[in-house]
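Chain A is the first sequence line, chain B the second, and so forth, proteins listed ahead of strands; every chain is numbered from 1.
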Number of protein chains: 2
Amino acid sequence: MKNKILLPKLFFTKDVLTGQNITKSSRKLKDLKGIFKDQEAFDTMDKETLVYDVSSHLPVKEDTPGGLYFGVTYIHPGKIGNEYFMTKGHFHAQIDRAEYYWGIQGEGILILMDEDRNVWGEKMLPGSLHYIPGRIAHRVANVSNQILSFGACWPSDAGHNYKEIAENGFAKRLLEINGIPNLI
Amino acid sequence: MKNKILLPKLFFTKDVLTGQNITKSSRKLKDLKGIFKDQEAFDTMDKETLVYDVSSHLPVKEDTPGGLYFGVTYIHPGKIGNEYFMTKGHFHAQIDRAEYYWGIQGEGILILMDEDRNVWGEKMLPGSLHYIPGRIAHRVANVSNQILSFGACWPSDAGHNYKEIAENGFAKRLLEINGIPNLI
């Protein structure tokens, strides 16, 4: 294998990640209990509804210092009541670890929260690039009528602290009010 | 600023990085003395010839643990004798730090070398994704007749050890032989 010119083993074309060692995962409504506000609307929906998929390239073991991971997330369009389909959201377990997100297709809002629970958002569009510093919780909501896809690159020792968000949520919710997304 | 939905501050469209805090740098032939084999051919060329440009988003200070950087490199087409225009190449100063490269436009070869000086290459094409593990020196050569552009994401505490490559080079060179790139 060494001393040769090899073909690439991985491809990242538009918003599709293919090749060696791509891991796929998906989150259905049944995996997202308790994150949406409107429990009544949630209860009426099919729990097998797909909310988002992730394709990831994870070339080293989780927690490896100095390594990187690369992924694409696809959030389906939809709402629970007036709250947009969104990712679970997390701080990093190693809280100082940063992450890049970049919008590829569709339109969304990157929802950010610092450790003092201040919340703000950044519009995610095809071609937008977002630096998420360490110590900032992050989740993404799809506010369009099509799949929202975005790329991500993050350190292999970042980890995910989903617990904090599962227990205390974000301090604001992204709700559709008069057809417009608002952080309330 | 907090509690609001902001417009994105950065854009990464096709192979162009624009917005807040984008740093640009360029390497001309005069900055690349000694890296090409054919000194005679080098001497005849205009030292102001642009070999490559880099646009980078460097949101935190170099050496910040946990931070990330994002960049796009544009290597112009050209040769010194039969050796393709290429980047200087480096190990990371924190040698275990990884990096992702992904081809956007043009065609190149990512040249990789481990600490035992084994050298190999990976073709870089529009849509190819390359994981460069820690402890692997890396440089890119443009083997096409157009600008080769590629994206990169790397840790802010990776640093660059250019010295090792400046002093000892890579153990092989990428030369055009009968119109085809060969690692010799």
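Listed options A/Thr13, A/Asp96, A/Leu110 were ranked by heavy-atom pairs under 4.5 angstrom with chain B; first place goes to A/Asp96. Considering only heavy-atom pairs separated by less than 4.5 Å from chain A, the leading option among B/Gly19, B/Pro65, B/Pro126, B/Gly134 is B/Pro65. Ranked by heavy-atom pairs under 4.5 Å with chain A, the first of B/Ala158, B/Pro181, B/Pro59, B/Gly67 is B/Pro59. For chain B, the option among A/Trp154, A/Trp102, A/Tyr131 with the highest count of heavy-atom pairs below 4.5 Å is A/Tyr131.
Within the cation-pi definition used here (under 6.0 Å to the ring centroid, within 45° of the axis), B/Arg97 does not qualify as a partner of B/Tyr69.
Between B/His130 and A/His57, the distance separating the two ring centers is not shorter than 6.0 angstrom.
Between A/Phe70 and B/Tyr100, the angle of the ring planes lies from 30° to 60°, which puts this pair in the tilted group.
Only the side chain of A/Leu125 comes within less than 4.5 Å of a heavy atom of chain B; its backbone N, CA, C and O stay farther away. There is no contact between B/Val16 and chain A, counting heavy-atom distances below 4.5 Å. The part of B/Ile109 that comes within reach of chain A is its side chain, from C-beta onward, which places non-hydrogen atoms under 4.5 angstrom from that chain. Interface remark: B/Leu17 contributes side-chain atoms only to the contact with chain A (heavy atom separation under 4.5 Å).
Looking at B/Tyr74 and B/Ser55, their side chains come closer than 4.5 Å, going by heavy atoms from C-beta outward.
Follow the hydrophobic side-chain contacts under 4.5 Å out from A/Ile132 and you reach A/Leu148 in the same cluster.
Residue A/Glu83 holds its CD atom at 8.0 Å from CG of A/Leu174, rounded to the nearest 0.5 Å.
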